[in-house]
Asks: 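Before I ask anything, let me first share the structure, which is written out below as structure tokens.
The structure displayed is predicted, hence computed values, not measured ones.
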Amino acid sequence: MLPKEELLEDKLRKLVNKAPVMVFIKGTPDGPKCGFSRQIVKILNDSGVPYESFDILENEEVRQGLKTFSNWPTFPQLYVKGELVGGLDIVKELVAAGDLNATLSPS
């Protein structure tokens, strides 16, 4: 049997690759539970790019494990093709530079 940490890492790897664009937020896109999550959902919705989300408040193991897995201590966290793009600050920088849609494009 694998150690628990390896099992969690496998679970996290599957989660970040669940969709081409995946966001980990507090709450859901229809009901964000913090201002940062609300802002990133609005940005993603405005981009028109399809995405999936995971509510980190529903699973403490994922919430804590993802911080280590990504080496990113805060949420929301945005992944494209399984790779961490960053948090809200990075996403806002991409919007300001006009680079968000190119970054989100799964091709």
Asks: If hydrophobic clusters are built by linking Ile, Leu, Val, Met, Phe, Trp and Tyr wherever their side-chain heavy atoms come under 4.5 Å apart, do Phe36 and Leu66 end up in the same one?
Replies: yes
Asks: Can you list every pair that meets salt bridge (charged side-chain N to carboxylate O under 4.0 Å, His left out) and has a residue in residues 15-36, with sequence neighbours left out?
Replies: Lys18-Glu52
Asks: Assess whether side chain to side chain contact (heavy atoms under 4.5 Å, CB included) is satisfied between Val16 and Phe69, documenting all intermediate values.
Replies: CA-CA 10 Å; Val16 301; Phe69 178 83; 4.1 Å; yes
Asks: Identify each donor-acceptor pair in which a side-chain atom of residues 83-102 lies under 3.5 Å from a protein atom, sequence neighbours left out, and give them as a table.
Replies:
residue	atom	partner	partner atom	Å
Lys92	NZ	Gln39	OE1	2.7

Asks: Quick one: pull up CG in Leu104 and NZ in Lys81 and give me the separation to the nearest 0.5 Å.
Replies: 10.5 Å
Asks: Once ring pair (Phe, Tyr, Trp, His ring centres under 6.0 Å) is applied, do any residues pair with Tyr79, and if so which ones, sequence neighbours excluded?
Replies: Phe24
Asks: Specify the closest pair of heavy atoms between Glu61 and Asn59, including all atoms of both residues, with the distance to one decimal.
Replies: N-OD1, 3.1 Å
Asks: List in chain and number order the residues that pass side-chain contact (heavy atoms from CB on, under 4.5 Å) with Gln64, two or more places apart in sequence or in another chain; answer none if no residue qualifies.
Replies: Glu60, Lys67
Asks: Please report, to 0.1 Å, the donor-acceptor pairs under 3.5 Å made by any side chain of residues 40-47, with sequence neighbours excluded.
Replies:
residue	atom	partner	partner atom	Å
Lys42	NZ	Asp46	OD2	2.7
Asn45	OD1	Tyr51	OH	2.8
Asn45	ND2	Val41	O	3.4
Ser47	OG	Leu44	O	2.6
Ser47	OG	Val49	N	3.1

Asks: Any chance you could measure Ser37, atom OG, to Asp55, atom CG, to the nearest 0.5 Å?
Replies: 8.5 Å
Asks: Closest heavy-atom contact between Pro76 and Val23?
Replies: CB-CG2, 4.4 Å
Asks: Can you list everything that forms a ring pair (Phe, Tyr, Trp, His ring centres under 6.0 Å) with Phe75? Sequence neighbours excluded, please.
Replies: none
